Amino acid sequence: MYSSVESRPDFPGIEKDILRFWEENHIFERSVEQNKGGEPFTFYDGPPFATGLPHYGHIMVGVLKDAVQRYNTMLGKYLPRRFGWDCHGLPVEYETEKLLGISGKSAIEAYGIDKFNEACRSIVQKFTSEWRSTVRRSGRWVDFDNEYRTMDLDYMESIWWVVKQLWDKSLLYQGYYILPYCPRCSTVLSNHDVALGGYRDIHDPALTVRFPLTESALPVLPGSFRAVVGESQISFLAWTTTPWTLPANLGLALHPDFDYALVREESREPGEAPNYVILLQGKVAEIVGKDAEVLATAKGRELVNLEYRPLFDYFAQLGSEGAFRSHCADFVSAEDGCGIVHCASGFGEDDYKLLSAAGIPVVAPVDEECRYTEEVRDFAGRFVRDANKDVSKYLKDAGSVFRQGQILHSYPHCWRCESPLIYRAISSWFVKVESLREQLLRSNSEIYWVPEHLRDGRFGNWLANARDWSISRNRYWGNPIPIWLCEAGHYRCLSGRAELEELTGEKITDLHKHFIDHLEFDCVECASEGTERKMHRVSEVLDCWFESGAMPYAQNHYPFENKDWFEKNFPAHFINESLDQTRGWFYTLTVLSTALFGRPAFKSCVTSGMILAEDGRKMSKSLRNYTPPEEVMESFGADAMRIYLLSSAVVKGEPIRFSDAGVKNVLKSIILPLWNAYSFYVTYANADKVFAVSVPQNPQNPLDQWILSELETLIGKFRTAMEQLFLPQAVTPLFDFIDLLNNWYIRRSRRRFWKSGRDEDKCDAYATLRYVLDQLMRVCAPLIPFISEKIYRGLQTEEQLAHGANGVHCTDGADGAAPESVHLCSFPEVQQAMRRPELEAQMSLARRCVSLGRSLRARQQIRNRQPLAEARIVTRSETEKARLQELLGLIGEELNVKRVCIDENEEELVHYSAKANFRVLGKLLGKDMKLLASEVEKLDSAGIGKILGGESVTLTLNGQQHSTFELSAEHLDIRRREKEGFCVLNEGRLTLALQTAVNAELYREGLIRDIIRLVQNLRKEADLQVSRRIEILLGGSSREVEEALAAFGDELLSETQGDAWYWQQTATDLPEYGIGGEQGTESSVTEKVLLGIRCTSV
RNA sequence: GGGCCUGUAGCUCAGUUGGUUAGAGCGCACGGCUGAUAACCGUGAGGUCACAAGUUCAAAUCUUGUCAGGCCCA
């Protein structure tokens, strides 16, 4: 016996049973284990933050990863699947700060870095159990027990090794990064944080300041300026809304293409020497005054490298290094201020880039709380924003202020404490990515991208314009940068634990900051110079992106362990994450692998699109605009959700709007039909007691041959799509195949299963259907692992399952037994011998004929139950005629006609018209195409008939290139139109005509078909088993019904498992039914019959 | 502001190297069929292929521009 099949299956319930089955029998572990000697397939799982919950984005990539992994496992590849967690970084620190009720760096340091870090460690895996349960429920097989964590000692040690490699290759350097910084929280903010906090309007001072040129600058001025100014004082005018940055001013920037004006300032006191200023010509009226006279102009580029006197003397010594001069820069705007920008390299990104390119050192004289340091002695200890007034006053007293005002502008604020942010230079360690650009592009060219455009598009562009990568953070919970420094400025980068132990004599059990920051050792270089100095670790920790990018090495504790294995299996065959990782993980993986090994870290990458809510917006918990994944899986099942996602555009990097209705739809169009096919097989096999079904051996029935051929075609398409990692092209053929199986193979084969006895054809039918289902489940298994497991196992009898030996077919095991799980099977190979392309074409033609016939019946309002005498299929094509010949019986049965014949004389039934075949003729005729097209349209039906018959016709064109053209059939695109008065329908080369006349005999046969259906309905209502036998009681006054029974009574009995029928004209105890009529509807019935059934056997 | 992607039926999407009736599924309406199927089949309505210009005998398809949406970056 096969287990009986629930007719209304509870898919989520089934899935949970399957999950239990997998776990109890360790199917996942065994599926990996059994391939241990096989070719390895390397996969890298991108680590999610250990402090977040899984969302649809994770589920999407999880499902895709799972499908690819299951598929490759079924190909026999060895594919362990380690999960990983990203455990370090600011998100964890924020969580911990919240938990401890503290905020900011000084608070953390007061609390104690050791306690703080341990608190971070303890909350890191807060959400592990939620992850496990959601991932498990989605059907994704992944090894959680052997997961890697970026905070583990081995992982961290490998990261040190990676840093050391970069160090040895001189790819690391210390520089500055200008970042938004919150003075109150004493922390750097990411751009994401800035977006969170948003911009708001605040009032700031607006100060216009004179920067007087030194005497040495005068000879360098453009001649026109020199002529006006002579020996007088001349100043640049610059404008700022952050006066506090002026003490750190080290340069001025002008736009090379703008026009700058020389203007004479009004004397403040009579007799005073004249004073001149330079500013943007377009701003003269606004800033100096309407009446101000422009005495000379020059382009910005003519005014560069002019030395001016620093406003403050704090950094005056930098004048010798190039500070206090004018520069050209494109970022200068003509909108605000004077068109001259005051540059403080410590407090602005543009400023920093400009001045550091000119070789001027960075100056950022503020502490962690953004108070001036001692360097700015007049304001030391003052919070910079508060010092704006002091600075302004100081400059005013010094006579430097040209104008003072206020401005209301939008300005970024901290999302946590709402303080206005400050841009400031942060010292950071960088990887010299810019020097690697060419190698990065070379690595990228080796990667197979889905979608393809990412390679040269988004990712390629990003690499081509890559900037040096800041990898350090001034934080606590992270992997400490393994660089030690002595007071003499000597650096030493360590490569691992052993080296540190050797240098310090300490046993190292943990590499986190609070375990190693106190460790010091002697500086070797100093020693060689004869002095003795200690080295201390630099304070920074690594950005967590560095750690995830180094995951290929670190998860294997490379090179400390697994050296050979890693080197043989790098790069990974496959990774998959969503589009936002192009600049994230994909990038960091590629940078590190290229820097270390000169290769990409992965050979192929599928980039999924973003998952949006049904309303097209981002999924948002507060908006409640989506159903949580757990609930979707609870109502429709994980399989439905999986195949919905995998068949969508999201796997080619486009966004989708996730819709519950879409999931429900695939449940109806894929999962349920599969279930129905399975249920059909089991129902009849159980009723027929057909349990030992073999692989079909050369079946003779074309239906069997055909579906077996279609199966091979499916396997081929599926494999190709999976090799190309393009899932929708695997799913579409699957959809199509399921339709063919249900709505053609099973429908057309039903009677083969019903008939009594056990002839060869019936055995072939069982063998074929079981084989097809079994193979189909193996094909589906990677995509919909639950239902395919359920059906795969359901296709084995309870005895076979109990004894673990199937022994009859589709075996994988050496002992001839079918594996107990579909996921332990190998993926079907394409068996070319089974392919019958010609038969597939034949069947598709037959299906088109049937479709035409059905459409004709609908048009003529003749119900399908009414038998008709004849259908004529008309085609001139010899191939089509030959193809149809073998399937006439099948077509006749499906169309309920007594006879189907093939005819080639279509001219009786259709008119021809013709259009030029542009595809063929366009290349031949070029510009004369239009002429010919209009000539062709003039052809009449008879003329076209002749051409079809093989004659050719010469058309006169009088065209530019051709005066005549000899036309034959292949130059034409023939259209057919049905002639009036015939019951005929045409589609392309195929025409079908129905004989619609219904004679008495056909009419009576139709009546019997109506009665058969009524009886079947009664049986169904009475819930009778298929095999229960009945007697049929009939009555009424209809002569036609009586005659029909006399003629077709036997057919009635054989169709309904009837033993006998009885006719009584006055059977008043029976209900009455209307039958016959054109449409069989109540209003058009032509006969009435009294009808009842009773069982004869128990 | 820059890069990349997308715009085709009410909805979700196919659409080959340019070739003349632009397809499918869902939904809707009507009809049919039904002893595996809470299924299925047929018919119908519904399109300025975002817009504009260009290339071409011929453009949903190639080029340019515009508009709208998405993602990333600034």
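So that the names make sense, note that chain A is the first sequence line, chain B the second, and so on, each numbered from 1. What you are looking at is a predicted structure, and each value in this text was computed from that prediction instead of being measured.
Across all strands shown, Ala677(A) has heavy atoms under 4.0 Å from base atoms, whether or not it also approaches the sugar-phosphate. Nucleic acid contact for Asp736(A): none, since no nucleic acid atom lies under 4.0 Å from a heavy atom of the residue. Looking at heavy-atom distances under 4.0 Å, Lys652(A) makes contact with sugar-phosphate atoms alone, never a base. Looking at heavy-atom distances under 4.0 Å, Gln1016(A) makes contact with a base. Base contact: Ile746(A) has a heavy atom under 4.0 Å from a base atom. Contact annotation for Asn917(A): no contact, since no heavy-atom pair falls under 4.0 Å across all strands.
When distances are taken from the side chain of Asn461(A) to each of G3(B), A39(B), U21(B), the shortest belongs to G3(B). The side chain of Glu349(A) approaches A74(B) more closely than any other nucleotide in the set U34(B), A36(B), A74(B). Closest approach to the Ser851(A) side chain among G42(B), U6(B), U20(B) is made by G42(B) (side chain taken as heavy atoms from C-beta onward). In this structure, the nucleotide among U6(B), A36(B), C41(B) sitting nearest to the side chain of Asp739(A) is C41(B). Of the listed nucleotides (U20(B), A36(B), C41(B)), C41(B) has the atom at the smallest distance from the side chain of Asn743(A). Among the nucleotides A36(B), U12(B), U34(B), the one closest to the side chain of Arg657(A) is U12(B).
Counting heavy atoms from C-beta outward, Tyr745(A) and Val772(A) have side chains that stay 4.5 Å or more apart. Inter-residue side-chain proximity for Val666(A) and Ile671(A) is flagged as unmet; no heavy-atom pair is nearer than 4.5 Å.
Phe331(A) places its CZ atom 16 Å from the C1' atom of G1(B), with the value rounded to the nearest Å. In this structure, the CG atom of Asp973(A) is 10 Å from the C1' atom of G19(B), given to the nearest Å. For the pair Asn465(A) CG and A74(B) P, the computed distance is 12 Å after rounding to whole Å. In this structure, CG of Leu852(A) is placed 21 Å from P of G32(B), rounded to the nearest angstrom. In this structure, Tyr678(A) places its OH atom 13 Å from C1' of A36(B), rounding to the nearest Å. We find that CD1 of Ile1012(A) is positioned 14 Å from C1' of C33(B), with the value rounded to whole Å. Going from atom CG of Asn665(A) over to atom C1' of U12(B) covers 9 Å, rounded to whole Å. Taking atom CG of Leu674(A) as the reference point, atom C1' of A36(B) lies 14 Å away to the nearest angstrom.
A distance of about 24 Å separates the P atoms of U55(B) and U16(B), rounded to the whole Å. A gap of 38 Å separates the C1' atoms of G42(B) and G69(B), to the nearest Å. Nucleotides A9(B) and C49(B) place their P atoms 10 Å apart, quoted to the nearest Å. Annotation: C13(B) and A60(B) have their C1' atoms spaced 15 Å apart (nearest Å). For the C1' atoms, the distance from C71(B) to G27(B) is 30 Å, rounded to whole Å. For the C1' atoms, the distance linking C4(B) with A39(B) amounts to 45 Å, nearest Å. Nucleotides U17(B) and A59(B) have their C1' atoms positioned 14 Å apart, rounded to a whole Å. On the C1' atoms, C73(B) is 31 Å away from U8(B), given to the nearest whole Å.
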Exercise. Given Tyr2(A) and Tyr681(A), is the side chain to side chain donor-acceptor pair (under 3.5 Å) satisfied, shown in steps?
Worked result: CA-CA 10 Å; Tyr2(A) 293 105; Tyr681(A) 173 80; 2.8 Å; yes
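Between Phe753(A) and Phe680(A), the ring centre distance stays below 6.0 Å. A centroid separation of less than 6.0 Å is found between the aromatic rings of His971(A) and Phe965(A). Here the two rings, on Phe658(A) and Tyr56(A), have centers that are under 6.0 Å apart.
A salt bridge links Asp688(A) with Lys762(A): the closest approach of a Lys/Arg side-chain nitrogen to an acidic carboxylate oxygen falls below 4.0 angstrom. Between Arg748(A) and Glu893(A) there is a salt bridge, with a side-chain nitrogen of the basic residue lying less than 4.0 Å from a carboxylate oxygen of the acidic one. The pair Asp1059(A)-Arg1029(A) counts as a salt bridge, with a side-chain nitrogen and a carboxylate oxygen less than 4.0 angstrom apart.
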Protein-nucleic acid N or O pairs under 3.5 Å, nucleotides 56-67 of chain B:
unit_1, atom_1, unit_2, atom_2, d
C57(B), OP1, Lys927(A), NZ, 2.8
C57(B), OP2, Lys927(A), NZ, 3.1
C57(B), N1, Gly926(A), O, 3.3

N/O-N/O pairs, protein side and nucleotides 68-72 of chain B side, under 3.5 Å:
unit_1, atom_1, unit_2, atom_2, d
C71(B), O2', Arg458(A), NH1, 3.3
C71(B), O2, Arg458(A), NH2, 2.2
C72(B), O4', Arg458(A), NH1, 3.4
C72(B), O2', Arg583(A), NE, 2.6

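An OP1 or OP2 oxygen of G18(B) is reached within less than 4.0 angstrom by no side-chain nitrogen or oxygen of Arg919(A). Between Arg865(A) and U34(B), a side-chain N or O to OP1/OP2 separation shorter than 4.0 Å is present.
In this structure, Tyr587(A) and Trp462(A) have perpendicular ring planes: the angle between them is above 60°, well past the 30° mark.
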Side chains of residues 645-655 of chain A: which donor-acceptor partners sit under 3.5 Å, not counting sequence neighbours?
unit_1, atom_1, unit_2, atom_2, d
Ser647(A), OG, Ile643(A), O, 2.9
Ser647(A), OG, Tyr644(A), O, 3.2
Ser648(A), OG, Leu645(A), O, 2.8
Ser648(A), OG, Val650(A), N, 3.3

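Here the straight-line distance linking atom CG of Asp350(A) with atom NZ of Lys353(A) works out to 5.5 Å at 0.5 Å rounding.
With the nearest nucleotide of RNA chain B identified for both Val1015(A) and Glu654(A), Glu654(A) has the one nearer the 5' end.
Stem analysis of RNA chain B (Watson-Crick or G-U pairs, both distances under 3.5 Å, runs of at least three) returns B:1-7 with B:67-73, B:10-13 with B:23-26, B:28-32 with B:40-44, B:50-54 with B:62-66.
Every residue meeting the ring-ring contact (aromatic ring centres under 6.0 Å, His included) condition with Tyr678(A), not counting sequence neighbours, appears here in chain and number order: Trp675(A). A search for salt bridge (Lys or Arg N to Asp or Glu O under 4.0 Å) contacts involving Asp739(A) returns Arg847(A), not counting sequence neighbours.
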